[in-house]
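Naming: A, B, ... by sequence-line order, numbering from 1 per chain.
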2 protein chains.
Amino acid sequence: MARASSPQNIERVVTEAQDRFIAVWGKMGGAWGISRTMAEVHALLMITAEPLCTDDVMDRLQISRGNASMSLRALLDWGIVYRAHKRGDRKEYFEAERDVWTMFTTIARERKKREIEPVVASLYEIRDMTGRTIDASGADAAAKAKLEHHNERLDTLLRFIHAVEKMAEALTAIESAEVTSTIDTLSAGHKD
Amino acid sequence: MARASSPQNIERVVTEAQDRFIAVWGKMGGAWGISRTMAEVHALLMITAEPLCTDDVMDRLQISRGNASMSLRALLDWGIVYRAHKRGDRKEYFEAERDVWTMFTTIARERKKREIEPVVASLYEIRDMTGRTIDASGADAAAKAKLEHHNERLDTLLRFIHAVEKMAEALTAIESAEVTSTIDTLSAGHKD
DNA sequence: GGGCATTTTCAGAACTTCCTGAAATATTTG
DNA sequence: CAAATATTTCAGGAAGTTCTGAAAATGCCC
């Protein structure tokens, strides 16, 4: 690796690699529900050794103060970025969660709470609209069949969601150190 | 459940429940990367007993022909909606995948292919920018530390992603009927 | 191959989301 | 508590996405 031999060159290459990492992570965040910039800020904090302050983030990503402030706040809300402080410095600094598995399970739990749970609640409500037990005595056969099909569909879906929730619970309960052995268990449990 | 006793009433309630289901599913699709309408079309096909044609979808969801066509095509691409035909009818009809677990694993595999794999490829490229082995002999300590930190971070992330990929592989290999027993295995394997 | 039914495409309109920058608010320090 | 510094908020504008509707393309039947 002669390429990275002079100090300036190393700095340059690392910075370039960081920039590309930030771009890739940002694009991915966009594909998921997170805004591109928020994901970029997260990437920057992940890849940087030192905690950064708002101005560092603004300068490095070329974004406005408002945007930086909002994005950092949102990341704090998600629980994957922490506040940090430097002695004799009044500014707030920020650093990303260092353990990748913890980061992952935190995001998963947060998304479940924000996106899955309200949907499941609505689905139960919708299921209740058409009754737990069917009294369609006066109805014609076509209407009855429709009703039964509808309920069967929703029940299947709800059973499935319930199963996936239990699966997700079991998975996110795993500790960072146990990940590898769990994969072995899973793969072994399914030898076709 | 006296509410649902006359034929007209049953039809009305089922239709209303369908509408609410479509709305909920559509909103959820929006929160994930899928467009709201595409998710609504999917919901409609899931909840309806009969296969539907483009005009049925347009009428029921009040969307344009173009939109309906695009959404149906995209759902076919994703592999969670199939073409169907009716004898003596030239129109194309569409129906959703009936097994929920199959639908789920199909979506998971598709997202992996479209969104995860390109990201992973980029990450490997980025990792290669800063070398497999470090030759920073001429560099000062600070630059060296930065480089090492950067590489360590990327390596950790890549190892993690690799682990999750294996996990996802093992999970999506499970057949519909085996889901329940897998959950038991997972939960049992983790009694704190 | 002409006529008819159906599907696809796509330019621009409508809508949504995101970002900026400056003003308002909060916090620390002398 | 006033000045200095740091942070948050938000109206308006920029950027991005989704949808429409009509025109083009495709496929089918006699």
message: Counting primed atoms plus P, OP1 and OP2 as sugar-phosphate and everything else as base, spell out the protein contacts along nucleotides 4-11 of chain C at 4.0 Å heavy-atom distance: B, S or - for each nucleotide, 5' to 3'.
response: BBSBBBB-

Under 3.5 Å, which donor-acceptor pairs link side chains of residues 42-51 of chain B to any protein atom two or more places apart or in another chain?
from    : atom 1 : to      : atom 2 : distance (Å)
B:His42 : ND1    : B:Trp25 : NE1    : 3.3
B:Thr48 : OG1    : B:Leu44 : O      : 2.6

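Summarising the geometry, the separation between CD1 on A:Ile34 and P on C:dC18 is reported as 11 Å, rounded to the nearest angstrom. Rounded to whole Å, atom C1' of C:dC19 lies 15 Å from atom CE of A:Met38. Atom NE2 in A:His85 sits about 19 Å away from atom P in D:dT5, given to the nearest Å. C:dT20 atom C1' lies 14 Å from atom CZ of A:Arg36, rounded to whole Å. Summarising the geometry, the separation between CE on A:Met58 and C1' on C:dG21 is reported as 10 Å, rounded to the nearest angstrom. Distance CG (A:Asp59) to P (D:dA6): 13 Å, rounded to an integer number of Å.
Remark: the A:Glu11 side chain and the A:Thr15 side chain contain no N/O donor-acceptor pair separated by less than 3.5 Å.
At least one side-chain heavy atom of B:Arg83 sits under 4.5 Å from a side-chain heavy atom of B:Leu76. The shortest distance between side-chain heavy atoms of A:Ile174 and A:Trp101 falls below 4.5 Å. Proximity of B:Met28 to A:Glu115: side-chain heavy atoms (C-beta onward) are nowhere separated by under 4.5 Å.
In summary, A:Lys113 and A:Glu110 engage in a salt bridge, as defined by a charged side-chain N under 4.0 Å from a carboxylate O.
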